[in-house]
**Q** 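Below you'll find the structure I mean.
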Amino acid sequence: VLVTQPQYDKVREVFEHAEGFQCFPAPESEPELARLVREKHAKYVIGGGAPYRNELYDAVPKGGVIARFGIGCDNINLPRAAEKGIYCTNTPGALEQSVAECAIGMILLAARQFIAAADDCRNGLWQPQTGCELAGKTLAVIGCGAIGKDHCRRIIETVPGATVVAVSDYVAAAADDTAAKYGIKSYGNDCDGMIKDPEVEAVVITSIDPTHHDYVMKTLAEEKWCFCEKPLSQNAADCEDIIKREQEIGKRLVQVGFMRHYDRGYAEMKRIIDSGEIGKPLLIKCCHRNVAQGPGFKTENGVTNVAIHELDICRWLLDDEYEDVQCVKVRQSSNSDKGYDNPQVMLMRTKKGCFIDVEVQVADGYGYDIQCEVVCENGTVKLPDPYAVVRRSRPAGWDSVKPAESMPIMTDWKERFIEAYDIEFCKWVESVHAGKLTGPSSWDGYVACVAGDALNASRGTSQFLKVETMEKPEMYK
């Protein structure tokens, strides 16, 4: 039996005293391993994770065995082995302890922010990172639609320091199905009862937009932590109620789900803008294109539900506030005949003189495509596209089709910002443990709603309307 050197060294004692077998250490590289198989007339090979694709299968005799020291066989060319009559196996359980220790180590690294701190040190920066205790916070999720289910999975499977203990939804069956999947409690459609449950320390609100204000206020009545998906509410007046209640409590308890703050592309754009490396920002060009909307969608929802992300992220990138805004109806797509404007263009001017234009296509587009470019005095900075392999080929029927270069475009918003959502919830839970929220606040949700209200009011007037907010409370500064 030939055993690749790293694996031989791990349990040398076992291989040296294997009854009925002669085990020899062997090189890991495939050409050298294949050569030694022939020299030793070996029938059995035990290897680690190094890839074995070609020569080894010509060297091991028919009826021989290639065994993986560990789990999985992704490094083994199984079709080639089958063709040559070679058996393949692995060793389930052999690395259970190692994997468990690795998993615990990764959890600790994430919870304590060691990787980010190490990266900063390599870059010559000293920016202490605030970690979180691993003792868990218990959360409840209101809303078991697409994003509610995804956040439930995210918190249970990905976020350290928290667990979901209950779910509810105005459609009781949706809550029951989600609860059954994860073995947690379902409150059916009794969302109010779940909020009051003493076991629930924090509430995640992912229900339909018109319910957000009500559920946030009920959560604040219990003085519990609250994560509310965007928008905070459908109008500025309701947001003011939430801000007033937080002021009465005396601390921030609400975070709004503007996850783009946690996207690596947007974060790097902000770093460059804040650094002044390419001068002051002058204007922003954005587009938000989507594939479809649900029933009941209206023209104004293109602002309050779709462009709400751009309304938030642009002021965050610029560290600026809106002066006035205008929504412009442009030539309509022949693909859209559902009774709402598509596309729409939103124009915004900031107090520092920057100009922003946002193109929104809410449906009937080619995919889910988010673009953002900031033009500065000495250059531009642009949001990168999500990672995708670029394909160069000539499609089927190539005699009449020219070769082309292509890359896939996403159609699902959950996939586009999946990492940002993960980071967002990790950071939120971390800040809850620390007792001080650091993410987008009720004020951010309020300003986005004020700007959205002004945009919708401006539609058809051919005028810019002022964005007028109340005075910013001290706790949000």
Side-chain angles (χ1 to χ4, degrees), residues 142-143 191-192 195 202-261 298 300-316 318-327 346 348-351 356 428 431-432 436-459 464-477:
I142 296 176
C191 302
D192 295 0
I195 291 171
V203 177
V204 176
I205 298 170
T206 64
S207 51
I208 58 175
D209 295 355
T211 65
H212 286 189
H213 167 261
D214 189 36
Y215 287 138
V216 171
M217 291 298 288
K218 288 175 178 177
T219 304
L220 291 178
E222 302 298 318
E223 298 192 13
K224 294 182 177 182
W225 303 100
C226 177
F227 181 98
C228 180
E229 265 302 336
K230 62 82 188 167
L232 180 59
S233 184
Q234 290 193 299
N235 61 73
D238 283 350
C239 294
E240 289 180 13
D241 288 344
I242 293 168
I243 289 172
K244 180 181 178 181
R245 179 60 185 141
E246 277 193 307
Q247 288 180 284
E248 291 170 352
I249 295 169
K251 68 183 295 186
R252 278 190 56 196
L253 289 177
V254 178
Q255 177 165 324
V256 183
F258 289 131
M259 78 294 183
R260 295 191 192 181
H261 291 224
K298 300 177 181 178
E300 55 266 32
N301 298 142
V303 176
T304 58
N305 181 268
V306 179
I308 196 82
H309 277 299
E310 278 70 27
L311 294 179
D312 169 71
I313 203 67
C314 287
R315 57 183 288 269
W316 180 72
L318 298 174
D319 192 22
D320 199 355
E321 299 295 348
Y322 297 123
E323 179 67 27
D324 51 19
V325 297
Q326 181 183 2
C327 188
M346 289 119 204
M348 287 94 80
R349 298 188 292 207
T350 73
K351 293 188 181 297
I356 301 163
W428 176 60
S431 66
V432 168
K436 185 177 181 181
L437 297 184
T438 57
S441 67
S442 298
W443 178 260
D444 297 311
Y446 163 69
V447 173
C449 276
V450 173
D453 287 350
L455 279 164
N456 278 326
S458 74
R459 187 179 288 104
F464 277 85
L465 297 187
K466 289 283 187 182
V467 176
E468 297 178 326
T469 64
M470 64 182 183
E471 186 176 346
K472 189 174 185 179
E474 192 64 35
M475 73 162 56
Y476 302 112
K477 294 179 180 178

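Basis for what follows: all heavy atoms, side chains included, without hydrogens, waters or symmetry-related copies. Keep in mind it's a predicted model, so treat the numbers as computed, not measured. For reference, positions follow the sequence shown, starting with 1.
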**Q** Does any N or O in the side chain of Asp453 come within less than 3.5 Å of the main-chain N or O of Ala236, such that one atom is a donor and the other an acceptor?
**A** yes
**Q** Is the shortest heavy-atom distance from the side chain of Pro440 to the side chain of Gln255 under 4.5 Å?
**A** yes
**Q** Donor-acceptor pair, distance only, cut-off 3.5 Å: does the side chain of His212 make one with the backbone of Glu229?
**A** yes
**Q** What closest approach, in Å, do Leu311 and Met348 show between heavy atoms, and which atom pair accounts for it?
**A**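 Looks like CD2-CE, 3.6 Å.
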**Q** Does Tyr215 offer a backbone N or O that forms a donor-acceptor pair with the side chain of Thr219 under 3.5 Å?
**A** yes
**Q** Do side-chain atoms of Thr206 reach the backbone of Ile142 as a donor and acceptor pair under 3.5 angstrom?
**A** yes
**Q** Does Glu248 have more than 12 heavy atoms from other residues, nucleotides or ligands lying within 6.0 Å of its CD?
**A** yes
**Q** Over all heavy atoms of both residues, which pair between Ala454 and Val325 is shortest? Give the atoms and the distance, please.
**A**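 Shortest heavy-atom separation between Ala454 and Val325 comes out as CB-CG2, 3.5 Å.
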**Q** With a 4.0 Å cut-off, would you call Glu323 and Lys351 a salt bridge?
**A**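 Salt bridge present between Glu323 and Lys351.
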**Q** Answer yes or no: is there an ion pair linking Lys251 with Glu246, defined by an N-O contact shorter than 4.0 Å?
**A**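 The answer is no: the pair does not qualify as a salt bridge.
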**Q** May I ask you to test the Val254-Ser442 pair for a side-chain heavy-atom distance under 4.5 Å?
**A** yes
**Q** May I ask you to decide whether Asp241 forms a salt bridge with Arg245, counting only side-chain N to carboxylate O separations under 4.0 Å?
**A**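 Judged by the 4.0 Å cut-off on N to carboxylate O distance, Asp241 and Arg245 do not form a salt bridge.
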**Q** How far apart are the closest heavy atoms of Gly452 and Val303, and which atoms are they?
**A**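 Nearest pair, atom of Gly452 first, then Val303: CA-CG1, 3.5 Å.
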**Q** Under 4.0 Å between a Lys/Arg side-chain N and an Asp/Glu carboxylate O for Asp312 and Arg260?
**A**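 No salt bridge links Asp312 with Arg260.
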**Q** Are any of the side-chain nitrogens in Arg459 or Glu300 under 4.0 Å away from the carboxylate oxygens of its partner?
**A**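 A salt bridge is absent here (no side-chain N lies under 4.0 Å from a carboxylate O).
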**Q** Between Tyr476 and Trp443, what is the ring plane arrangement, given parallel below 30°, perpendicular above 60°, and tilted in between?
**A** parallel
**Q** Which atom names give the shortest non-hydrogen contact between Tyr446 and Glu468, and what distance separates them?
**A**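 Nearest heavy atoms, Tyr446 then Glu468: OH-O, 4.5 Å.
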**Q** Under 3.5 Å, is there a donor on one side chain and an acceptor on the other for Asp209 and Asn305?
**A** yes
**Q** Are the side chain of Asp444 and the backbone of Ser441 linked by a donor-acceptor contact shorter than 3.5 Å?
**A** yes
**Q** Can you tell if the side chain of Tyr322 reaches within under 4.5 Å of the side chain of Thr469, non-hydrogen atoms only?
**A**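 No, too far: nothing below the 4.5 Å cut-off.
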**Q** In sequence, state the C-alpha distance, the side-chain angles, and the governing distance for Leu253 and Lys224, and then conclude on side chain to side chain contact (heavy atoms under 4.5 Å, CB included).
**A** CA-CA 7 Å; Leu253 289 177; Lys224 294 182 177 182; over 6 Å; no
**Q** Ignoring hydrogens, what is the shortest heavy-atom contact between Arg315 and Val447? Give both atom names and the distance.
**A**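 Minimum heavy-atom separation between Arg315 and Val447: NE-CG1, 3.5 Å.
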**Q** Which heavy atom in Cys239 sits nearest to a heavy atom in Ser233, and how many Å separate them?
**A**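 Nearest heavy atoms, Cys239 then Ser233: SG-CB, 3.9 Å.
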**Q** Does Val306 reach the side chain of Asn301, with side-chain heavy atoms less than 4.5 Å apart?
**A** no
